[in-house]
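Below is one structure; the comments refer to it alone.
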Amino acid sequence: MKHWKHTVAILLTLCLIGGGTALAQDEWRLCSPEEVDVSGVQEINGRLVGEIGLPESAGHIRLMVDCPVPEPFAAQQQAVLTVGYQKVTKGDLSAAIEAAGQSVKGGKLEQYYHDDPLNQHVSFSRDGEDCNFSVYDRFARDLSGHPNQREMEASVALARALMERLGAGISEDFLYARRNTVPEQLAGTFSLTGNSCAPELYSLIEQEHARNGGADDKTLVRGCYELLGLPVMDQFYWEEGGDRYGAKSGFACVVRDDGTLAALAVEGMPVVEEAEPMALPQRTWQETLQLWAANAFWPMSTLDEAVEKDTPYGDIVHYPSYEVLTDLRPCWVGREAYRLEPGWCYRTETRVVSDDSLDAIGFGYCAVSDMRRVH
């Protein structure tokens with residue numbers, strides 16, 4: 001299983017066009033807000049639709065918008081939260097699992113960073129299963145009509161019950177489930193027309209998946225916590241002694257189709273200790289889009305054909321693509337130790353110009369106060 005995941009990670013890396021050399025997050029800026037033209041975006045029936053104009057210095061990029069008008073922050077959400085991170089022990093996890101009608105017999109309970117409040121991690125595993133799977137879409141999806149709808153809904157219900165027994169508030173908007181199949185593994189990250197060797201790579205991934213069992217017999221569930229009605233983003237950061245650190249905040253589980261819990265991981269469960277009112281900037285959606293595009297948007301596409309040379313699969317031609325902002329919504333983000341602040345989380349889609357197929361899903365979040373990218 002681990003070999004399969006490693007192989008997929010390598011192949012996906014070859015299939016994606018990077019946004020250039022990685023920069024420290026506080027150095028990233030695509031352009032100045034004044035250079036962003038949002039006159040091509042309109043508000044139509046509660047949605048923002050159109051194209052954001054970017055300067056030539058940003059590259060040959062096309063950025064479209066097709067998303068709901070961002071919702072305002074409620075009064076209680078206009079605050080900076082001082083939080084603690086609940087210490088969930090192996091005993092707590094075991095009790096929650098047993099209370100949900102499951103058993104820890106034959107499984108393994110582990111706890112990491114026991115004495116570090118900012119790095120709380122506890123997990124359960126049966127038969128070597130783990131929760132280290134990639135979820136690219138992040139947002140909850142409608143399972144109606146899925147061939148495994150019944151099993152998936154039962155798995156989500158079990159994840160919800162486990163977290164409720166641990167005392168965590170969970171975000172229903174970020175309670176995501178998928179199956180262990182190649183199409184769902186690659187959903188939103190792979191188009192067969194995105195580059196010159198995509199069909200070959202897809203075939204290799206299918207073969208590797210088959211060699212590792214290839215069974216469609218479990219559901220993978222991942223979620224975010226919720227505080228005061230807003231989702232808490234799944235990574236938080238802080239600085240200490242001039243160095244930057246990060247930790248995870250979220251939970252995940254693997255449930256077999258017979259209802260057996262195969263794995264569960266719980267990390268960074270925040271608890272509000274104090275809420276300090278914060279005056280949020282009063283911006284129009286036009287100003288928000290300008291600042292988002294300039295300060296937080298990380299391009300993963302180009303209208304120019306690009307050649308990636310000397311890969312293990314020879315030279316790969318990446319075909320022209322563009323991006324669409326499909327969601328922008330309020331959340332909590334963390335960039336100081338023990339503090340969460342209002343932020344915007346956003347979803348983008350990278351699409352192939354030739355056939356409009358989905359080639360990648362981008363997800364990130366920024367702080368409302370200065371619209372700086374956090375993740």
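The structure displayed is predicted, hence computed values, not measured ones. Values below: all heavy atoms of this structure, side chains included; hydrogens, waters and symmetry mates excluded. Start at 1 with the first residue, then count along the sequence.
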- Message: Apply salt bridge (Lys or Arg N to Asp or Glu O under 4.0 Å) to residues Glu239 and Arg335 and explain how you reach the verdict.
- Response: CA-CA 8 Å; Glu239 291 187 3; Arg335 51 182 180 174; over 6 Å; no

- Item | Qualifying residue, where the test is side-chain contact (heavy atoms from CB on, under 4.5 Å) with Glu323 and the options are Val65, Thr348, Ile52, Thr302 | Thr348

- Judged by modelled atom types alone, do Gln111 and His121 share a side-chain donor-acceptor pair under 3.5 Å? no

- How close do Gln185 and Tyr136 get, heavy atom to heavy atom, and via which atoms? O-CE1, 4.0 Å

- Item | Plane angle bin for Phe363 and Phe139 - parallel if under 30°, tilted between 30 and 60°, otherwise perpendicular | perpendicular

- Might you point out which heavy atoms bring His375 and Tyr237 nearest each other, and give the distance in Å? ND1-OH, 2.9 Å

- Message: Under a plain distance cut-off of 3.5 Å, with no hydrogens placed, do Asp355 and Thr193 share a side-chain donor-acceptor pair?
- Response: yes

- Query: Are Arg179 and Asp257 ion-paired here, with the side-chain N under 4.0 Å from a carboxylate O?
  - Reply: yes

- Going only through I, L, V, M, F, W and Y residues with side-chain contacts under 4.5 Å, is there a path from Leu118 to Tyr112? no

- Message: Pairing donors with acceptors under 3.5 angstrom, does anything connect the side chains of Asn295 and Arg372?
- Response: no

- Consider only side-chain heavy atoms of I, L, V, M, F, W and Y, link residues closer than 4.5 Å, and tell whether Leu63 and Val69 are in one cluster. yes

- Message: Tell me if the CG atom of Asn45 is crowded by more than 12 foreign heavy atoms within 6.0 Å.
- Response: no

- Any ion pair linking Arg256 and Asp127 (charged N to carboxylate O, less than 4.0 Å)? yes

- Message: Just checking Tyr225 against Phe174, ring centres under 6.0 Å apart?
- Response: no

- Item | Atom CD of Glu71: over 12 foreign heavy atoms under 6.0 Å | no

- Item | Intermediate values then yes/no, salt bridge (Lys or Arg N to Asp or Glu O under 4.0 Å), Asp137 and Arg347 | CA-CA 8 Å; Asp137 206 342; Arg347 179 188 188 273; 2.8 Å; yes

- Using atom types as modelled and distance alone, determine if a side-chain donor or acceptor of Arg373 lies under 3.5 Å from a backbone N or O of Ala367. no

- Below 4.5 Å, heavy atoms only, C-beta onward: do Val232 and Pro270 meet side chain to side chain? yes

- Query: Do the side-chain N and O atoms of Glu206 and Ser203 include a donor-acceptor pair separated by under 3.5 angstrom?
  - Reply: no

- Message: Looking at Arg62 and Val353, would you say the former's side chain and the latter's main chain have a donor-acceptor pair under 3.5 Å?
- Response: no

- What heavy-atom pair brings Gly128 and Ser125 nearest, and what distance separates the two atoms? C-OG, 3.6 Å

- Looking at Arg141 and Glu184, does any basic side-chain N land under 4.0 Å from a carboxylate oxygen? yes

- Item | Side chains of Gln120 and Gln86 in contact at under 4.5 Å (non-hydrogen atoms) | no

- Item | Donor-acceptor under 3.5 Å (Arg178 side chain, Thr219 main chain) | no

What side-chain donor-acceptor pairs closer than 3.5 Å can you find for residues 279-286, not counting sequence neighbours?
{"residue": "Gln282", "atom": "NE2", "partner": "Leu280", "partner atom": "O", "Å": "3.1"}
{"residue": "Arg283", "atom": "NH1", "partner": "Val368", "partner atom": "O", "Å": "2.8"}
{"residue": "Arg283", "atom": "NH2", "partner": "Val368", "partner atom": "O", "Å": "3.2"}
{"residue": "Arg283", "atom": "NH2", "partner": "Ser369", "partner atom": "O", "Å": "3.0"}
{"residue": "Thr284", "atom": "OG1", "partner": "Gln286", "partner atom": "N", "Å": "3.4"}
{"residue": "Thr284", "atom": "OG1", "partner": "Gln286", "partner atom": "OE1", "Å": "3.3"}
{"residue": "Thr284", "atom": "OG1", "partner": "Glu287", "partner atom": "N", "Å": "3.1"}
{"residue": "Trp285", "atom": "NE1", "partner": "Glu43", "partner atom": "OE1", "Å": "3.1"}

- Item | Euclidean distance, Leu230 CG relative to Phe73 CZ, rounded to 0.5 Å | 6.5 Å

- Has the side chain of Gln77 got a donor or acceptor atom that lies under 3.5 Å from a matching backbone atom of Leu228? yes

- Same cluster or not: are Trp298 and Val36 linked, directly or through other Ile, Leu, Val, Met, Phe, Trp or Tyr residues, by side-chain heavy atoms under 4.5 angstrom apart? yes

- Message: Once you measure the plane-to-plane angle for Tyr245 and Trp238, does it fall in the parallel (<30°), tilted (30-60°) or perpendicular (>60°) bin?
- Response: parallel

- With the side chain counted from C-beta on, respond yes when Leu261 and Ile97 share a heavy-atom pair under 4.5 Å apart, and no when they do not. yes

- Task: Look at Glu110 together with Lys108 and state whether they make a salt bridge at an N to O cut-off of under 4.0 Å.
- Result: yes

- Check ion pair Asp359-Arg351 (N to O, under 4.0 angstrom): no

- Is a side-chain donor-acceptor pair under 3.5 Å present for Gln149 with Glu153? yes

- Going hydrophobic residue to hydrophobic residue with side-chain gaps under 4.5 angstrom, can you get from Val104 over to Val266? yes

- What pair of heavy atoms forms the shortest contact from Pro342 to Val333, and how long is it? O-CG2, 4.2 Å

- Task: Would you indicate whether the side-chain heavy atoms of Asp66 and Leu325 approach each other to under 4.5 Å?
- Result: no

- Query: Is there a side-chain contact between Glu51 and Val41 (heavy atoms, below 4.5 Å)?
  - Reply: no

- Is Arg329 paired with Asp327 through a side-chain N to carboxylate O contact shorter than 4.0 Å? yes

- Query: Given Phe236, which of Tyr338, Trp332, Tyr85 fulfils the ring pair (Phe, Tyr, Trp, His ring centres under 6.0 Å) condition?
  - Reply: Tyr85

- Between the side chains of Ser155 and Glu151, does any donor sit under 3.5 Å from an acceptor? no

- Item | Rounded distance [0.5 Å steps], CE in Met278 versus CG in Leu81 | 10.5 Å

- Which pair of non-hydrogen atoms, one from Pro117 and one from Asp115, has the smallest distance, and what is that distance? CD-O, 3.4 Å

- Would you please say whether a donor-acceptor pair under 3.5 Å links the side chains of Asp173 and Ser171? no

- Output the distance between atom OG (Ser123) and atom CG (Leu93), rounded to the nearest 0.5 Å. 7.5 Å

- Note on the structure: d(Glu172 CD, Ile170 CD1) to nearest 0.5 Å is 5.0 Å

- Heavy-atom distance under 4.5 Å between the side chains of Thr189 and Ile361, does that happen here? no

- Query: For Pro183 and Tyr202, which heavy atoms make the closest approach, and how far apart are they?
  - Reply: CG-OH, 3.7 Å

- d(Glu274 CD, Thr82 OG1) to nearest 0.5 Å is 5.0 Å

- State plainly whether the residues Lys87 and Asp92 are in salt-bridge range, i.e. N to O under 4.0 Å. no

- Note on the structure: Output for pair (Glu349 CD, Cys67 SG), nearest 0.5 Å, gives 11.5 Å

- Item | Stepwise side chain to side chain donor-acceptor pair (under 3.5 Å) check, Glu308 with His318 | CA-CA 7 Å; Glu308 186 178 357; His318 295 279; 2.8 Å; yes

- Hey, are the side chains of Tyr322 and Val352 touching, using non-hydrogen atoms and a 4.5 Å cut-off? no

- Message: Quick check: do Val80 and Leu340 have side-chain heavy atoms less than 4.5 Å from each other?
- Response: no

- Verify the ring-centre separation between Tyr365 and Trp344: is it less than 6.0 angstrom? no

- Task: Applying salt bridge (Lys or Arg N to Asp or Glu O under 4.0 Å), run through Lys218 and Glu129 and close with a yes or a no.
- Result: CA-CA 11 Å; Lys218 59 188 174 185; Glu129 189 64 74; 2.7 Å; yes

